[in-house]
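Just so it is clear: chains get the letters A, B, ... in the order the sequence lines come, proteins before strands, and each one is counted from 1.
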Amino acid sequence: MLEHDRLPRSFFTRSTLQVARQLLGSRLVRIEGGKRVAGLIIEAEAYRGEEDQGCHARAGRTPRTRIMFGPPGHAYVYFTYGMHWMLNFVTEEEGFPAAVLIRALLPTEGLSIIASRRNTQPQKHWTDGPGKICQALAIDGEFNGADLCRADAHLFVEYGDPIPDQSVTIGPRVGLNNVPEPWKSIPWRFLVSDGYFSMESR
DNA sequence: AGCACGATTAACT
DNA sequence: GTTAATCGTGCTC
């Protein structure tokens, strides 16, 4: 597996929890006018099945959730709070609704482009939230349903150095305030522990 | 047709 | 810590 190889569809055609965990350390790449804007994924959450009361698919197949029921390796991008876009990757077999929400990145390429969109905030807060990522990488509803595994994709993921278990924090998903248990507290959030990248770069 | 709320963010006290 | 911004979605009437 070469460092710059893209994640194939088989990567996404697996347990959503496994996908979310293994996405940590991989590289999200957005091609804009031939230029790469990219960052390492450092936080992700799993949403899976109609039983999961935190998942949009709890409402079943609707116009909005259609993409989540579709084939894996596609982007599920939705709009919320009247102003923010959220990026997810569809997982598991076609017909089963599941996805991974990309919650935070460590920016690595195209920093000046990211800065131009996020410079009202300090660099620490450029891509430390799901809405911020979409703003920084210019991802909106145009990408809903986009195939991440096509050769000509403008949004895709590349393999990165795996993050060891001891440097991964696992806990409840964020922002599910009104969701009943056990879904509200189920530990489906995966996060690279604070300091991991600054420590390894010494 | 109306309504409550949201997988959030930034600004504020 | 609290709160406004702002509108699509799904549910109820």
A:His56 and A:Thr65 have their tightest heavy-atom pair at O-CG2, 3.5 Å

- Task: Have a look at A:Arg118 and say if it touches a base, only the backbone sugar-phosphate, or nothing, with a 4.0 Å heavy-atom cut-off.
- Result: sugar-phosphate

Requested in this report: Decide, yes or no, whether a salt bridge links A:Asp128 with A:Lys132 under the criterion of side-chain N to carboxylate O below 4.0 Å.
Outcome: yes

_Please classify the nucleic acid contact of A:Asn177 as base, sugar-phosphate, or nothing, using heavy-atom distances under 4.0 Å._
nothing

Is A:Arg64 touching bases, backbone alone, or none of the nucleic acid, heavy atoms closer than 4.0 Å? sugar-phosphate

With sugar-phosphate meaning primed atoms plus P, OP1 and OP2, does A:Met86 contact a base, only sugar-phosphate, or nothing at under 4.0 Å between heavy atoms? sugar-phosphate

note: A:Met83, atom CE; C:dA5, atom C1'; distance rounded to Å ~ 4 Å

Checking all strands, does A:His56 fall into the base, sugar-phosphate, or nothing category for heavy-atom contacts under 4.0 angstrom?
base

Taken to the nearest whole Å, CZ/A:Arg66 to P/C:dG10 is 12 Å

When you measure from the side chain of A:Gln135 to the backbone N and O of A:Arg117, does any donor-acceptor pair fall under 3.5 Å? yes

Could you check whether A:Gly129 gets within reach of a base, just the sugar-phosphate, or nothing at all, counting any heavy atom under 4.0 Å?
sugar-phosphate

Whole-Å distance, A:Tyr81 OH to C:dT9 C1', equals 13 Å

A:Thr127 side chain to A:Leu105 backbone, donor-acceptor under 3.5 Å: yes

By nearest-heavy-atom nucleotide on DNA chain B, the more 5' of A:Pro130 and A:Asn178 is A:Asn178

In Watson-Crick or G-U wobble terms, with both distances under 3.5 Å, the base opposite C:dT6 is none

Backbone N or O of A:Glu51 within a donor-acceptor pair of the A:Gln53 side chain at under 3.5 Å? yes

**OP:** Give one of base, sugar-phosphate or nothing for A:Thr62, where a contact means two heavy atoms less than 4.0 Å apart.
**Re:** sugar-phosphate

### Pair A:Arg173 + A:Glu45, salt bridge at N-O below 4.0 Å
no

Span of DNA chain B engaged by chain A, first through last nucleotide within the 4.0 Å heavy-atom cut-off, is B:dG6 to B:dA11

Separation of C:dC7 atom P from A:Asp140 atom CG, nearest Å, is 15 Å

For A:Leu101, answer base if it contacts any base atom (sugar-phosphate contacts may also be present), sugar-phosphate if it contacts only those atoms, and nothing otherwise; contact means non-hydrogen atoms under 4.0 Å. base

Would the distance check show the side chain of A:Arg14 and the main-chain N or O of A:Phe11 forming a donor-acceptor pair, the cut-off being under 3.5 Å? yes

